Amino acid sequence: MALKYEIIKKHNKSRLGKLHTKHGIINTPAFMPVGTCGTVKAMLPESVASTGAEILLGNTYHLMLRPGAELVAKMGGLHKFMNWPKPILTDSGGFQVMSLKGLRKLTEEGVTFKSHVDGKQFFLTPEESIGIQHKLDSNITMCLDECTPFPATFDEAKKSMQRSMRWAERSKNAFQNRDGYGIFGIQQGSIFKDLRQESADALKKIGFDGYAIGGLAVGEGQEKMFEVLDYAPEMLPEDKPRYLMGVGKPDDIVGAVSRGVDMFDCVMPTRSGRTAQAFTDYGPINIRNARHREDPRPVEAECDCPLCRNYTRAYIHHLQKCNEILAVMLLSWHNIRYYERLMQKIRKSLEEETFDEFVKDFYAKQQMGDIEEI
RNA sequence: GGAGGGGUGGCAGAGCGGUCAAAUGCAACGGACUGUAAAUCCGUCGACUUUAGUCUACGAUGGUUCGAAUCCAUCCCCCUCCA
(Lines give C-alpha, C1' and ligand atoms only; values in the text may rest on other atoms or scores of the structure.)
Protein backbone atom coordinates (compact mmCIF):
# COMPACT_ATOMS: atom_id res chain seq x y z
CA MET A 1 0.00 0.00 0.00
CA ALA A 2 1.17 3.47 -0.77
CA LEU A 3 0.63 4.73 2.77
CA LYS A 4 1.00 2.38 5.71
CA TYR A 5 -1.24 2.92 8.71
CA GLU A 6 -0.78 0.96 11.90
CA ILE A 7 -3.20 1.04 14.76
CA ILE A 8 -1.31 0.59 17.98
CA LYS A 9 -4.10 0.71 20.50
CA LYS A 10 -7.85 1.04 20.62
CA HIS A 11 -10.07 2.31 23.36
CA ASN A 12 -13.81 2.15 22.68
CA LYS A 13 -14.03 4.02 19.37
CA SER A 14 -10.74 5.89 19.80
CA ARG A 15 -7.51 4.76 18.21
CA LEU A 16 -3.82 5.41 18.65
CA GLY A 17 -1.87 4.97 15.43
CA LYS A 18 1.02 5.76 13.16
CA LEU A 19 0.76 6.84 9.55
CA HIS A 20 3.94 6.26 7.54
CA THR A 21 4.79 8.59 4.67
CA LYS A 22 7.85 9.23 2.57
CA HIS A 23 8.63 12.30 4.65
CA GLY A 24 8.08 10.77 8.05
CA ILE A 25 5.68 9.26 10.51
CA ILE A 26 2.55 10.97 11.75
CA ASN A 27 1.39 9.91 15.17
CA THR A 28 -2.38 9.87 15.41
CA PRO A 29 -4.63 11.30 16.65
CA ALA A 30 -2.91 14.19 14.91
CA PHE A 31 -3.50 17.87 14.47
CA MET A 32 -2.25 19.48 11.26
CA PRO A 33 -1.61 23.23 11.23
CA VAL A 34 -2.85 24.95 8.09
CA GLY A 35 -0.35 26.53 5.73
CA THR A 36 -2.64 27.45 2.86
CA CYS A 37 -0.23 29.49 0.76
CA GLY A 38 2.87 27.49 1.57
CA THR A 39 3.32 29.07 4.97
CA VAL A 40 1.70 28.74 8.34
CA LYS A 41 0.85 32.39 8.73
CA ALA A 42 3.19 34.31 11.03
CA MET A 43 5.27 31.19 11.79
CA LEU A 44 8.70 30.02 10.77
CA PRO A 45 8.53 26.39 9.60
CA GLU A 46 11.21 25.61 12.18
CA SER A 47 8.96 27.07 14.87
CA VAL A 48 6.03 25.02 13.64
CA ALA A 49 8.19 21.91 13.85
CA SER A 50 9.21 22.82 17.39
CA THR A 51 5.56 22.73 18.47
CA GLY A 52 5.50 19.02 17.69
CA ALA A 53 3.49 19.28 14.48
CA GLU A 54 4.32 16.36 12.23
CA ILE A 55 2.37 17.36 9.14
CA LEU A 56 1.10 20.55 7.54
CA LEU A 57 -1.65 21.44 5.11
CA GLY A 58 -1.19 23.22 1.84
CA ASN A 59 -3.90 24.29 -0.56
CA THR A 60 -4.31 23.43 -4.23
CA TYR A 61 -6.40 26.47 -5.13
CA HIS A 62 -4.15 29.04 -3.48
CA LEU A 63 -0.90 27.52 -4.71
CA MET A 64 -2.33 27.09 -8.21
CA LEU A 65 -2.98 30.85 -8.30
CA ARG A 66 0.34 31.78 -6.77
CA PRO A 67 3.05 30.76 -7.48
CA GLY A 68 1.62 27.95 -9.64
CA ALA A 69 2.22 24.22 -9.33
CA GLU A 70 4.83 24.20 -12.10
CA LEU A 71 7.02 26.65 -10.25
CA VAL A 72 6.77 24.72 -7.01
CA ALA A 73 7.72 21.57 -8.90
CA LYS A 74 10.64 23.37 -10.49
CA MET A 75 11.79 24.46 -7.05
CA GLY A 76 11.88 20.87 -5.90
CA GLY A 77 8.39 20.44 -4.49
CA LEU A 78 6.53 22.13 -1.68
CA HIS A 79 8.60 20.59 1.13
CA LYS A 80 11.78 22.04 -0.25
CA PHE A 81 10.20 25.27 -1.47
CA MET A 82 8.88 26.17 1.98
CA ASN A 83 11.58 24.44 4.02
CA TRP A 84 9.25 21.93 5.63
CA PRO A 85 10.86 18.49 5.33
CA LYS A 86 8.04 16.67 7.12
CA PRO A 87 4.82 15.35 5.59
CA ILE A 88 2.38 17.61 3.79
CA LEU A 89 -1.30 17.10 3.06
CA THR A 90 -2.92 19.27 0.44
CA ASP A 91 -6.54 20.19 0.25
CA SER A 92 -7.97 19.85 -3.22
CA GLY A 93 -9.77 23.15 -3.62
CA GLY A 94 -13.00 21.52 -2.50
CA PHE A 95 -13.38 23.89 0.43
CA GLN A 96 -13.06 26.87 -1.92
CA VAL A 97 -15.99 25.48 -3.91
CA MET A 98 -17.98 26.48 -0.85
CA SER A 99 -16.06 29.41 0.60
CA LEU A 100 -15.64 31.18 -2.75
CA LYS A 101 -19.08 30.37 -4.08
CA GLY A 102 -19.47 33.88 -5.46
CA LEU A 103 -16.34 33.47 -7.57
CA ARG A 104 -16.89 30.04 -9.05
CA LYS A 105 -19.13 28.09 -11.37
CA LEU A 106 -19.82 24.40 -10.81
CA THR A 107 -20.42 21.89 -13.57
CA GLU A 108 -20.20 18.13 -13.73
CA GLU A 109 -16.83 18.43 -15.42
CA GLY A 110 -15.29 20.64 -12.74
CA VAL A 111 -15.28 24.08 -11.22
CA THR A 112 -14.32 27.37 -12.81
CA PHE A 113 -12.77 29.79 -10.35
CA LYS A 114 -12.40 33.47 -10.97
CA SER A 115 -9.20 34.21 -9.07
CA HIS A 116 -9.80 36.32 -5.98
CA VAL A 117 -6.38 37.85 -6.66
CA ASP A 118 -6.71 39.18 -10.21
CA GLY A 119 -9.94 37.80 -11.66
CA LYS A 120 -8.15 35.36 -13.96
CA GLN A 121 -10.13 32.19 -14.69
CA PHE A 122 -8.97 28.76 -13.61
CA PHE A 123 -10.77 25.56 -14.52
CA LEU A 124 -10.23 22.95 -11.84
CA THR A 125 -11.28 19.40 -12.61
CA PRO A 126 -10.69 16.41 -10.32
CA GLU A 127 -7.89 15.34 -12.69
CA GLU A 128 -6.36 18.82 -12.64
CA SER A 129 -6.53 19.06 -8.85
CA ILE A 130 -4.82 15.69 -8.46
CA GLY A 131 -2.20 16.73 -11.01
CA ILE A 132 -1.45 19.92 -9.12
CA GLN A 133 -1.16 18.09 -5.83
CA HIS A 134 1.23 15.67 -7.51
CA LYS A 135 3.39 18.53 -8.71
CA LEU A 136 3.38 20.01 -5.24
CA ASP A 137 4.71 16.64 -4.06
CA SER A 138 1.97 16.33 -1.48
CA ASN A 139 2.18 13.22 0.69
CA ILE A 140 -1.55 13.10 1.15
CA THR A 141 -3.63 14.15 -1.82
CA MET A 142 -7.27 14.96 -1.26
CA CYS A 143 -9.99 14.19 -3.79
CA LEU A 144 -11.66 17.18 -5.35
CA ASP A 145 -15.07 17.44 -3.73
CA GLU A 146 -17.72 19.97 -3.00
CA CYS A 147 -17.86 20.93 0.64
CA THR A 148 -21.64 20.95 0.91
CA PRO A 149 -22.85 24.14 2.56
CA PHE A 150 -25.13 24.07 5.57
CA PRO A 151 -28.06 24.09 5.69
CA ALA A 152 -28.83 21.90 2.70
CA THR A 153 -32.03 20.03 1.97
CA PHE A 154 -31.81 16.26 1.65
CA ASP A 155 -32.01 16.54 -2.15
CA GLU A 156 -29.36 19.25 -2.35
CA ALA A 157 -27.05 17.29 -0.08
CA LYS A 158 -27.67 14.14 -2.08
CA LYS A 159 -26.91 15.74 -5.45
CA SER A 160 -23.84 17.43 -4.07
CA MET A 161 -22.59 14.26 -2.39
CA GLN A 162 -23.17 12.10 -5.45
CA ARG A 163 -21.22 14.45 -7.64
CA SER A 164 -18.42 14.45 -5.08
CA MET A 165 -18.45 10.65 -5.27
CA ARG A 166 -18.17 10.73 -9.08
CA TRP A 167 -15.32 13.20 -8.67
CA ALA A 168 -13.77 10.90 -6.06
CA GLU A 169 -13.61 8.13 -8.62
CA ARG A 170 -12.08 10.44 -11.22
CA SER A 171 -9.63 11.73 -8.61
CA LYS A 172 -8.56 8.22 -7.69
CA ASN A 173 -8.13 7.29 -11.35
CA ALA A 174 -5.94 10.32 -11.93
CA PHE A 175 -3.77 9.61 -8.91
CA GLN A 176 -0.35 8.05 -9.48
CA ASN A 177 0.57 5.53 -6.83
CA ARG A 178 3.96 6.01 -5.25
CA ASP A 179 5.48 4.64 -2.11
CA GLY A 180 4.98 6.95 0.85
CA TYR A 181 2.25 8.93 -0.89
CA GLY A 182 -1.48 8.44 -0.74
CA ILE A 183 -4.89 9.76 -1.60
CA PHE A 184 -7.85 10.26 0.71
CA GLY A 185 -11.52 10.14 -0.24
CA ILE A 186 -13.93 12.59 1.32
CA GLN A 187 -17.29 11.58 2.70
CA GLN A 188 -20.12 14.07 2.27
CA GLY A 189 -23.84 13.90 2.97
CA SER A 190 -24.39 16.86 5.28
CA ILE A 191 -26.26 15.80 8.42
CA PHE A 192 -28.16 12.93 6.77
CA LYS A 193 -27.23 9.47 7.94
CA ASP A 194 -28.45 7.71 4.77
CA LEU A 195 -26.34 10.00 2.62
CA ARG A 196 -23.28 9.58 4.84
CA GLN A 197 -23.69 5.81 4.46
CA GLU A 198 -24.15 6.02 0.70
CA SER A 199 -21.07 8.21 0.48
CA ALA A 200 -18.98 5.91 2.67
CA ASP A 201 -20.00 2.91 0.56
CA ALA A 202 -19.08 4.70 -2.65
CA LEU A 203 -15.66 5.64 -1.29
CA LYS A 204 -14.93 2.18 0.06
CA LYS A 205 -15.77 0.72 -3.33
CA ILE A 206 -13.18 2.97 -4.94
CA GLY A 207 -10.63 2.32 -2.21
CA PHE A 208 -8.43 4.97 -0.60
CA ASP A 209 -5.43 5.25 1.68
CA GLY A 210 -7.50 7.19 4.17
CA TYR A 211 -10.97 8.60 4.51
CA ALA A 212 -11.97 12.13 5.34
CA ILE A 213 -15.22 13.34 6.80
CA GLY A 214 -16.07 16.57 5.02
CA GLY A 215 -18.87 19.08 5.15
CA LEU A 216 -18.92 19.44 8.92
CA ALA A 217 -18.26 22.48 11.11
CA VAL A 218 -19.87 24.60 8.42
CA GLY A 219 -22.48 26.19 10.66
CA GLU A 220 -24.48 23.25 11.97
CA GLY A 221 -23.16 23.59 15.51
CA GLN A 222 -21.33 21.14 17.73
CA GLU A 223 -24.40 19.20 18.80
CA LYS A 224 -25.40 18.30 15.25
CA MET A 225 -21.79 17.68 14.29
CA PHE A 226 -21.42 15.19 17.12
CA GLU A 227 -24.67 13.51 16.09
CA VAL A 228 -23.11 12.87 12.68
CA LEU A 229 -19.83 11.80 14.25
CA ASP A 230 -21.71 9.30 16.38
CA TYR A 231 -22.12 7.21 13.23
CA ALA A 232 -20.01 8.60 10.37
CA PRO A 233 -16.51 7.44 11.37
CA GLU A 234 -17.65 3.84 11.80
CA MET A 235 -19.03 3.81 8.28
CA LEU A 236 -15.43 4.16 7.10
CA PRO A 237 -12.85 1.34 7.01
CA GLU A 238 -11.46 0.57 10.42
CA ASP A 239 -7.91 -0.06 9.23
CA LYS A 240 -7.46 3.33 7.55
CA PRO A 241 -6.95 6.79 9.03
CA ARG A 242 -10.04 8.94 9.40
CA TYR A 243 -9.66 12.64 8.94
CA LEU A 244 -12.24 15.19 10.06
CA MET A 245 -11.64 18.12 7.76
CA GLY A 246 -11.44 21.66 9.09
CA VAL A 247 -12.18 20.81 12.71
CA GLY A 248 -11.96 22.41 15.11
CA LYS A 249 -12.09 23.91 18.53
CA PRO A 250 -10.26 21.97 21.25
CA ASP A 251 -13.46 20.43 22.60
CA ASP A 252 -14.55 19.51 19.06
CA ILE A 253 -11.33 17.57 18.67
CA VAL A 254 -11.59 15.76 21.98
CA GLY A 255 -15.19 14.83 21.19
CA ALA A 256 -14.26 13.65 17.71
CA VAL A 257 -11.34 11.51 18.92
CA SER A 258 -13.79 9.87 21.32
CA ARG A 259 -15.93 9.09 18.29
CA GLY A 260 -13.15 7.49 16.28
CA VAL A 261 -11.43 10.28 14.33
CA ASP A 262 -7.64 10.21 13.84
CA MET A 263 -6.69 13.41 12.04
CA PHE A 264 -7.66 17.06 12.19
CA ASP A 265 -6.76 20.34 10.64
CA CYS A 266 -8.02 23.77 11.48
CA VAL A 267 -7.30 27.39 10.86
CA MET A 268 -8.41 28.19 14.37
CA PRO A 269 -5.06 28.31 16.21
CA THR A 270 -3.44 30.57 13.64
CA ARG A 271 -6.43 32.73 12.79
CA SER A 272 -7.28 33.15 16.44
CA GLY A 273 -3.66 34.04 17.06
CA ARG A 274 -4.11 36.88 14.62
CA THR A 275 -7.33 38.00 16.27
CA ALA A 276 -6.07 38.07 19.87
CA GLN A 277 -7.49 34.79 21.09
CA ALA A 278 -5.29 32.40 23.07
CA PHE A 279 -6.30 28.86 23.92
CA THR A 280 -5.76 27.54 27.42
CA ASP A 281 -6.72 24.45 29.37
CA TYR A 282 -9.27 26.64 31.08
CA GLY A 283 -10.90 27.84 27.89
CA PRO A 284 -9.95 30.55 25.41
CA ILE A 285 -9.04 34.06 26.51
CA ASN A 286 -9.01 37.27 24.51
CA ILE A 287 -5.70 38.92 25.33
CA ARG A 288 -7.09 42.25 24.06
CA ASN A 289 -9.47 42.39 27.04
CA ALA A 290 -8.69 45.11 29.58
CA ARG A 291 -8.45 42.62 32.42
CA HIS A 292 -5.07 41.46 31.13
CA ARG A 293 -3.57 44.93 31.12
CA GLU A 294 -1.69 44.53 34.38
CA ASP A 295 -1.60 40.75 34.61
CA PRO A 296 1.94 39.58 35.32
CA ARG A 297 1.11 35.91 34.73
CA PRO A 298 1.88 33.97 31.57
CA VAL A 299 -1.04 33.16 29.26
CA GLU A 300 -0.87 29.59 30.50
CA ALA A 301 1.29 28.48 33.40
CA GLU A 302 1.72 24.88 32.21
CA CYS A 303 2.60 25.76 28.61
CA ASP A 304 6.21 25.52 27.42
CA CYS A 305 5.93 27.76 24.35
CA PRO A 306 8.05 30.94 24.09
CA LEU A 307 5.07 33.17 24.78
CA CYS A 308 4.26 31.43 28.04
CA ARG A 309 7.85 30.90 29.12
CA ASN A 310 9.12 34.40 28.52
CA TYR A 311 6.29 36.93 28.47
CA THR A 312 3.45 38.16 30.64
CA ARG A 313 -0.17 38.62 29.69
CA ALA A 314 0.39 42.32 30.28
CA TYR A 315 3.11 42.39 27.62
CA ILE A 316 1.15 40.43 25.01
CA HIS A 317 -1.84 42.65 25.76
CA HIS A 318 0.37 45.67 25.14
CA LEU A 319 1.74 44.26 21.87
CA GLN A 320 -1.75 43.43 20.68
CA LYS A 321 -3.00 46.93 21.53
CA CYS A 322 -0.13 48.43 19.57
CA ASN A 323 -0.89 46.17 16.64
CA GLU A 324 2.60 44.76 16.75
CA ILE A 325 3.52 41.80 14.53
CA LEU A 326 5.12 40.09 17.49
CA ALA A 327 1.72 39.67 19.17
CA VAL A 328 0.48 37.75 16.13
CA MET A 329 3.63 35.66 15.99
CA LEU A 330 3.68 34.71 19.65
CA LEU A 331 -0.06 34.04 19.87
CA SER A 332 0.04 31.85 16.74
CA TRP A 333 2.98 29.97 18.18
CA HIS A 334 1.25 29.48 21.52
CA ASN A 335 -1.99 28.32 19.92
CA ILE A 336 -0.31 25.78 17.68
CA ARG A 337 1.69 24.55 20.63
CA TYR A 338 -1.53 24.36 22.64
CA TYR A 339 -3.13 22.19 19.95
CA GLU A 340 -0.08 19.97 19.64
CA ARG A 341 0.17 19.59 23.40
CA LEU A 342 -3.50 18.66 23.44
CA MET A 343 -2.86 15.94 20.86
CA GLN A 344 0.16 14.73 22.80
CA LYS A 345 -1.97 14.43 25.93
CA ILE A 346 -4.65 12.58 23.97
CA ARG A 347 -2.10 10.14 22.54
CA LYS A 348 -0.39 9.66 25.90
CA SER A 349 -3.69 8.89 27.62
CA LEU A 350 -4.59 6.40 24.88
CA GLU A 351 -1.17 4.84 25.25
CA GLU A 352 -1.53 4.63 29.01
CA GLU A 353 -5.19 3.65 28.79
CA THR A 354 -6.35 6.67 30.76
CA PHE A 355 -8.24 8.37 27.95
CA ASP A 356 -11.58 8.46 29.78
CA GLU A 357 -10.00 10.24 32.73
CA PHE A 358 -8.26 12.65 30.39
CA VAL A 359 -11.56 13.53 28.70
CA LYS A 360 -13.32 14.03 32.01
CA ASP A 361 -10.53 16.24 33.28
CA PHE A 362 -10.37 18.17 30.00
CA TYR A 363 -14.04 19.14 30.05
CA ALA A 364 -13.98 19.93 33.76
CA LYS A 365 -11.12 22.39 33.26
CA GLN A 366 -12.64 23.93 30.13
CA GLN A 367 -15.82 24.61 32.06
CA MET A 368 -13.95 26.25 34.92
CA GLY A 369 -12.92 29.12 32.69
CA ASP A 370 -9.84 31.26 32.91
CA ILE A 371 -8.83 32.07 36.46
CA GLU A 372 -9.25 35.80 36.86
CA GLU A 373 -7.56 36.63 40.13
CA ILE A 374 -3.95 37.63 39.84
C1' G B 1 1.09 97.13 14.03
C1' G B 2 -1.47 95.08 9.26
C1' A B 3 -4.25 90.97 6.75
C1' G B 4 -6.65 86.54 7.33
C1' G B 5 -8.28 81.69 9.41
C1' G B 6 -10.25 79.08 13.48
C1' G B 7 -12.32 77.19 18.48
C1' U B 8 -17.48 70.67 17.60
C1' G B 9 -17.99 64.40 21.71
C1' G B 10 -11.02 61.06 24.61
C1' C B 11 -8.28 62.69 19.78
C1' A B 12 -8.59 64.10 14.52
C1' G B 13 -12.41 66.04 11.67
C1' A B 14 -17.46 66.83 8.89
C1' G B 15 -21.72 69.70 9.64
C1' C B 16 -23.01 76.01 8.64
C1' G B 17 -31.24 77.63 10.69
C1' G B 18 -35.25 72.49 11.79
C1' U B 19 -34.77 65.66 9.49
C1' C B 20 -28.25 66.91 15.07
C1' A B 21 -26.97 63.59 20.86
C1' A B 22 -24.14 65.67 15.95
C1' A B 23 -21.11 62.04 9.57
C1' U B 24 -16.38 59.59 9.21
C1' G B 25 -11.70 57.79 11.05
C1' C B 26 -8.79 56.67 15.33
C1' A B 27 -8.81 55.43 20.46
C1' A B 28 -11.73 52.81 24.23
C1' C B 29 -14.96 48.53 25.68
C1' G B 30 -16.96 43.81 24.28
C1' G B 31 -18.05 39.74 20.84
C1' A B 32 -17.18 36.40 16.69
C1' C B 33 -13.67 33.36 14.19
C1' U B 34 -13.70 25.60 12.49
C1' G B 35 -10.50 21.61 4.81
C1' U B 36 -7.80 30.64 5.49
C1' A B 37 -10.43 36.21 -0.26
C1' A B 38 -9.06 37.24 7.38
C1' A B 39 -2.75 40.92 11.37
C1' U B 40 -10.16 40.14 9.72
C1' C B 41 -15.24 41.06 10.75
C1' C B 42 -19.37 42.68 14.01
C1' G B 43 -21.48 45.46 18.06
C1' U B 44 -21.31 49.45 21.88
C1' C B 45 -19.28 54.16 22.53
C1' G B 46 -22.84 62.02 26.66
C1' A B 47 -25.93 60.82 31.26
C1' C B 48 -30.31 58.55 33.28
C1' U B 49 -34.04 55.34 32.20
C1' U B 50 -34.60 52.48 27.61
C1' U B 51 -40.60 50.29 23.89
C1' A B 52 -40.67 55.19 24.12
C1' G B 53 -38.42 59.02 26.43
C1' U B 54 -36.06 62.76 29.83
C1' C B 55 -31.93 65.79 30.82
C1' U B 56 -27.08 68.11 29.80
C1' A B 57 -24.19 69.29 25.31
C1' C B 58 -20.67 72.02 19.60
C1' G B 59 -14.97 78.16 23.74
C1' A B 60 -18.01 81.92 27.26
C1' U B 61 -22.02 85.26 27.90
C1' G B 62 -26.02 87.75 25.85
C1' G B 63 -29.29 88.30 21.63
C1' U B 64 -32.32 87.28 16.84
C1' U B 65 -35.85 83.24 15.73
C1' C B 66 -41.61 79.17 16.56
C1' G B 67 -36.63 76.73 16.34
C1' A B 68 -29.33 77.94 16.87
C1' A B 69 -23.42 73.73 16.59
C1' U B 70 -25.20 76.71 12.41
C1' C B 71 -27.17 84.02 12.25
C1' C B 72 -25.71 88.72 15.33
C1' A B 73 -22.93 91.27 19.49
C1' U B 74 -19.27 91.28 23.17
C1' C B 75 -15.49 88.66 25.61
C1' C B 76 -11.65 84.74 26.08
C1' C B 77 -8.23 81.62 23.54
C1' C B 78 -5.45 79.50 19.24
C1' C B 79 -3.09 79.50 14.30
C1' U B 80 -0.99 81.47 9.48
C1' C B 81 1.11 85.29 6.53
C1' C B 82 3.15 90.38 6.12
C1' A B 83 5.84 94.25 8.82
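First the proteins, then the strands, lettered A, B, ... as listed; each starts at 1. A quick note: this is a predicted structure, and the numbers were derived from the prediction, not measured. Side-chain atoms are counted along with the backbone in the values below, which use heavy atoms only and exclude waters and symmetry mates.
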Whole angstrom value for the distance that separates C1' of B:rA38 from CD of A:Q277: 14 Å
Out of B:rA39, B:rG30, B:rU34, whichever nucleotide has its closest atom nearest the side chain of A:M268: B:rU34
Sugar-phosphate only, base, or nothing, as touched by A:G215 at under 4.0 Å among non-hydrogen atoms: base
C1'-based separation of B:rG17 from B:rA68 [nearest Å]: 6 Å
Complementary nucleotide for B:rU51 - Watson-Crick or wobble, under 3.5 Å: none
Who pairs with B:rU44 - Watson-Crick or G-U, where each distance is under 3.5 Å: B:rA28
Sugar-phosphate, base or nothing in reach of A:D265, heavy atoms under 4.0 Å: sugar-phosphate
Nucleotide B:rG30, atom C1' - distance to NE2 of A:H317 in whole Å: 13 Å
Atom-to-atom span, CG of A:D145 to C1' of B:rG35 - whole angstrom: 8 Å
Side-chain donor/acceptor of A:R288 to base of B:rG31, under 3.5 Å: yes
P spacing across the pair B:rG25 / B:rG46, given as an integer number of angstrom: 15 Å
Euclidean distance, atom NE2 of residue A:H116 to atom C1' of B:rA37 [Å, nearest integer]: 4 Å
Salt bridge present between A:E353 and A:K9 (N-O < 4.0 angstrom): yes
Nearest-nucleotide pick for A:A290, side chain only, options being B:rG30, B:rG35, B:rU40: B:rG30
Donor on one side chain, acceptor on other, A:E340 and A:T51, under 3.5 Å: no
Identified pairing partner of B:rU80, criterion: Watson-Crick or G-U wobble below 3.5 Å: B:rA3
Rounded C1' spacing from B:rA27 to B:rU36 in Å: 29 Å
First encountered from the 5' end of RNA chain B, between A:V247 and A:V328: A:V247
Sugar-phosphate only, base, or nothing, as touched by A:T270 at under 4.0 Å among non-hydrogen atoms: base
Rounded P spacing from B:rG13 to B:rC77 in Å: 22 Å
Minimum-distance nucleotide to A:I186 side chain [options: B:rG35, B:rA39, B:rU34]: B:rG35
Per A:L103 side chain, nearest of listed nucleotides B:rA37, B:rG35, B:rA39: B:rA37
Same-atom distance (P) from B:rC81 to B:rA21, integer angstrom: 40 Å
For atom CG of A:D91 and atom C1' of B:rU36, their distance in whole Å: 11 Å
Mutual orientation of the aromatic rings belonging to A:Y211 and A:F208 [parallel < 30°, tilted 30-60°, perpendicular > 60°]: perpendicular
Whole-Å P distance, B:rG10 and B:rG18: 25 Å
Sugar-phosphate, base or nothing in reach of A:L89, heavy atoms under 4.0 Å: nothing
Between B:rU36 (P) and A:L57 (CG): distance, integer Å: 7 Å
Option passing ring pair (Phe, Tyr, Trp, His ring centres under 6.0 Å) with A:Y339 (candidates A:F31, A:W333, A:F264): A:F31
Row check, A:Y231 ring normal vs A:R196 NZ/CZ: under 6.0 Å, within 45°: no
Sugar-phosphate, base or nothing in reach of A:L244, heavy atoms under 4.0 Å: nothing
Salt-bridge present (A:K240, A:D209; N to O < 4.0 Å): no
Under-4.0 Å side-chain N/O to phosphate OP1/OP2 contact, A:K249 with B:rC33: yes
Partner nucleotide of B:rG67 by Watson-Crick or wobble geometry (both distances under 3.5 Å): none
Salt bridge flag under 4.0 Å for residues A:E352 and A:K348: yes
Ion pair A:R15/A:E6, N-O distance below 4.0 Å: no
Nearest-angstrom distance, P atom, B:rC79 to B:rC55: 39 Å
Distance between C1' atoms of B:rU70 and B:rC82 (Å, rounded): 32 Å
N or O in side chain of A:N286 less than 4.0 angstrom from B:rC29 OP1/OP2: no
Atom-pair distance (CZ on A:F95; C1' on B:rA37), nearest Å: 11 Å
Touch class at under 4.0 angstrom, heavy-atom based, for A:Q222 against every strand present: nothing
Nucleotide B:rA28, atom P - distance to NZ of A:K321 in whole Å: 4 Å
Distance-only donor-acceptor test, A:R271 side-chain atoms vs B:rU36 base atoms, 3.5 Å: yes
